[in-house]
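Structure first, commentary second.
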Amino acid sequence: MNVETAGLGVLVIILAMASVTLATRWGGVFVMSFVPIGYRVKQFIHAMSGSVLVAILAPLAVTGDNGARLALLATAVTMLLLKKPLPAIAAGILVAALFRQLSSG
């Protein structure tokens, strides 16, 4: 199936992606409404969010450039020190940007 990527084709693609995203979000909430949230379910939910993050970042650590690796290191160190995700993410972005700016000049 081909969708034209000029004119209304882009709008169709965006609407399709938004519909799928919305369906999965609402579907997850609907399914979880039937699951009693006990201690084990809470533990599972917390573990899943961490494992998804590791699944996204592990390939970057292996195949990424030195800027990506330094950003991951800065993010991890900041998270361990401050225990707050927003400053850790900001530190990672800042380190990657600085490394790439200084190494490209």
Side-chain angles (χ1 to χ4, degrees):
M1 176 177 142
N2 292 331
V3 177
E4 184 64 36
T5 57
L8 289 178
V10 174
L11 183 62
V12 169
I13 292 170
I14 291 172
L15 289 174
M17 291 188 302
S19 300
V20 169
T21 301
L22 194 59
T24 57
R25 296 276 179 137
W26 285 351
V29 171
F30 177 73
V31 169
M32 287 304 291
S33 70
F34 296 107
V35 177
I37 306 294
Y39 176 75
R40 292 180 63 109
V41 173
K42 284 182 186 178
Q43 293 293 94
F44 174 76
I45 291 170
H46 288 296
M48 282 302 296
S49 61
S51 64
V52 168
L53 184 61
V54 169
I56 291 170
L57 296 178
L60 183 63
V62 174
T63 62
D65 63 349
N66 287 336
R69 289 188 188 108
L70 283 174
L72 288 172
L73 179 65
T75 303
V77 168
T78 306
M79 189 64 191
L80 289 172
L81 292 175
L82 300 179
K83 309 239 185 305
K84 294 181 180 180
L86 192 56
I89 293 167
I93 292 170
L94 181 66
V95 166
L98 285 173
F99 177 83
R100 291 188 174 133
Q101 179 65 33
L102 295 174
S103 67
S104 69

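As the structure is a computational prediction, the values presented were derived from the model and not from experiment. Along the sequence shown, residues are numbered consecutively beginning with 1.
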Next on the checklist: Could you report the tightest heavy-atom contact between Ala96 and Ala71, atom names first, then the distance?
Outcome noted: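 So the minimum-distance heavy-atom pair works out to CB-CB, 3.8 Å.
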Next on the checklist: Can a donor-acceptor pair be found, under 3.5 Å and without considering hydrogens, that links the side chain of Thr78 to the backbone of Thr75?
Outcome noted: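 No.
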Checklist entry - So, the side chain of Arg69 versus the backbone of Val62: is there a donor-acceptor pair under 3.5 Å, distance only? => result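 Judged by distance alone, yes, a pair lies under 3.5 Å.
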What is the distance from atom [atom1] of [X] to atom [atom2] of [Y], rounded to the nearest 0.5 Å?
| X | Y | atom1 | atom2 | result |
| --- | --- | --- | --- | --- |
| Leu60 | Leu72 | CG | CG | 5.0 Å |
| Arg100 | Leu70 | CZ | CG | 9.5 Å |
| Asn66 | Ser103 | CG | OG | 8.5 Å |

Item to check | side chain to side chain contact (heavy atoms under 4.5 Å, CB included) between Arg40 and Phe44, intermediate numbers included | outcome: CA-CA 6 Å; Arg40 292 180 63 109; Phe44 174 76; over 6 Å; no
Checklist entry - What do the steps show when you test Val35 against Met32 for side chain to side chain contact (heavy atoms under 4.5 Å, CB included), and what is the final call? => result CA-CA 5 Å; Val35 177; Met32 287 304 291; 4.2 Å; yes
Next on the checklist: Would a single hydrophobic cluster contain both Ile93 and Leu86, if residues Ile, Leu, Val, Met, Phe, Trp and Tyr are joined by side-chain heavy-atom contacts under 4.5 Å?
Outcome noted: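 No, it is not one cluster - the side chains of Leu86 and Ile93 are not joined through contacts under 4.5 Å.
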Checklist entry - Are Leu81 and Leu73 connected, step by step, through hydrophobic side chains (Ile, Leu, Val, Met, Phe, Trp, Tyr) whose heavy atoms are closer than 4.5 Å? => result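 They do share one cluster, since a chain of ILVMFWY contacts under 4.5 Å joins Leu81 to Leu73.
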